[in-house]
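Because the structure is predicted, anything quoted here is derived from the model rather than measured. Residue numbers count from 1 along this sequence. Whatever order the structure lists them in is the order used to number ligands and atoms, beginning at 1. Quick note: numbers below take in every heavy atom, side chains included, and nothing from hydrogens, waters or symmetry partners.
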Amino acid sequence: MTDPRSYIQTILPRNTPVAKEGRAFAPANIALCKYWGKRDEAFKLPLTGSLSVSLGRLGTHMRIRPADRDSLTLNGTEQAPASAISRRLFGFLDLFRDPGTALAVDSKNTLPTAAGLASSASAFAAAVLALNELFGWEADSDTLSQLARFGSGSACRSVRHGFMEWHPGERPDGSDSFATSLDADWPEFRIGILTVSNAPKPTGSGEGMKRTRDTSALYRSWPDQVTGDLPLIREAVRERDLNTLGRTAEHNALAMHATMIASWPPLIYWSPETLAALHRLHALREQGLPVYATLDAGPNIKLLFEHPSAHDLLREFADLQVVNPEEF
Ligand code: DP6
């Protein structure tokens with residue numbers, strides 16, 4: 001097995017700019033069937049498949065230009081070269097560019113910063129889409145997804161809008177591990193972003209999944225959970241069956257959190273407000289409102305529902321940000 005850079009160089013035709021700049025937008029995505037755990041760290045290969053939906057206009061706009069020196073401007077503010085964010089981004093760009101190719105990166109997130117939504121998936125996907133233009137790769141969507149994966153696993157699901165399934169693949173070089181579109185439309189489907197806390201998460205996803213894998217006895221059952229959930233979720237999206245989708249996605253997210261809580265030291269991403277909001281949601285469901293929840297590695301909740309329920313939900317959760325994935 002080679003290292004990521006050597007592998008990537010075998011599939012890319014060019015590693016120097018052929019255009020004046022590359023510009024792209026990539027949407028954030030929310031997993032309905034979660035990715036939690038890798039079979040290979042360096043190549044960011046997952047243990048299981050996963051399935052997500054994109055967040056419409058919420059994501060990252062990125063512009064990359066050749067320059068005299070590397071620089072990163074994030075939401076209008078230049079970042080120090082030694083900052084964690086600059087090091088992570090340029091470490092990623094090093095996988096693709098020839099040594100000596102300096103780049104100026106201008107990145108803008110349309111994700112509300114306070115919502116605690118991860119911008120890494122949309123940022124790495126936007127970077128790959130922008131490099132595709134700048135370097136003239138003319139790569140197809142499967143290849144772009146594979147390349148984005150090296151930044152953050154979930155970024156492979158952000159190279160296109162809509163419902164995306166990440167196929168875990170089996171090969172050690174990850175050439176069969178990328179996301180494809182379900183090509184499903186669901187005009188009524190909505191995501192509600194419920195921000196209960198904007199404190200930074202204490203343990204990042206990569207570290208959290210490693211700890212879960214290494215120390216949580218419950219994690220052994222996680223691949224079986226995904227094997228059961230993924231086909232149900234895929235089919236429910238195709239059938240526009242909110243109840244099956246919501247039930248399965250909520251169960252999947254809570255099962256993932258159970259594996260996290262059973263780690264040592266424990267990974268408890270929830271705050272008291274998370275639990276309170278879940279209880280309110282369950283009460284609404286008891287009253288007949290078709291609404292479900294999913295949660296990532298943090299305290300905030302994403303509601304899954306259809307357009308006709310938006311009015312009732314906004315009355316209950318005044319700060320809810322409603323997203324139509326098909327509006328972009
Ligand atoms: C809980 O893609 O951020 O959001 O591959 O280590 O960068 P790395 O992790 P990342 O993990 C996302 C985990 C999740 C579930 C999901 O999006 O599927």
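In terms of polar-atom proximity, K38 is counted as a contact of ligand 1, with an N or O under 3.5 Å from an N or O of the ligand. Taking only nitrogen or oxygen atoms, main chain and side chain alike, S152 reaches within less than 3.5 Å of ligand 1. Annotation: G153 places an N or O atom under 3.5 Å from an N or O atom of ligand 1; distance criterion only. Considering backbone and side-chain N/O atoms, N29 never comes within less than 3.5 Å of an N/O atom of ligand 1. For a threshold of 3.5 Å applied to N or O pairs, the pair formed by R157 and ligand 1 contains at least one separation below that value. Polar contact with ligand 1: present for S154 (N/O pair, distance under 3.5 Å).
Each of the following atoms of ligand 1 lies closer than 4.0 Å to a heavy atom of K44: 5 (O), 7 (O). For ligand 1 and G206, the ligand atoms under 4.0 Å from any heavy atom of the residue are 6 (O). Set against the non-hydrogen atoms of A31, the atoms of ligand 1 under 4.0 Å away are 16 (C), 17 (O), 18 (O). Numbered from 1 in the order shown, with element, the atoms of ligand 1 that lie under 4.0 Å from a heavy atom of M209 read 9 (O), 11 (O).
Proximity of E41 to ligand 1 is not established, as no heavy-atom distance is less than 4.0 Å. Every heavy atom of R149 sits 4.0 Å or more from the atoms of ligand 1.
In this structure, the side chains of L32 and N252 stay at 4.5 Å or more apart for every pair of heavy atoms. Within the 4.5 Å cutoff, the side chain of V159 has heavy atoms near those of the M164 side chain.
Aromatic ring centres of F124 and F92 lie closer together than 6.0 Å. Here the two rings, on F150 and F43, have centers that are under 6.0 Å apart.
Taken to the nearest 0.5 Å, the OG1 atom of T60 stands 4.0 Å off from the CG atom of N109. Here the CZ-OH distance, from R213 to Y219, works out to 6.5 Å after rounding to the nearest 0.5 Å.
We find that R65 and E133 are not joined by a salt bridge, their nearest charged nitrogen and carboxylate oxygen being 4.0 Å or further apart.
Using a 4.0 Å cut-off between heavy atoms, R88 contacts ligand 1 through its side chain alone, with no backbone atom that close.
Judged by distance alone, the side chains of D3 and S6 do bring a donor and an acceptor atom under 3.5 Å apart.
Nearest non-hydrogen protein atom to atom 13 (C) of ligand 1 is Y35 O, 3.6 Å.
With sequence neighbours excluded, the residues satisfying ring-ring contact (aromatic ring centres under 6.0 Å, His included) with F189 are F163, W186.
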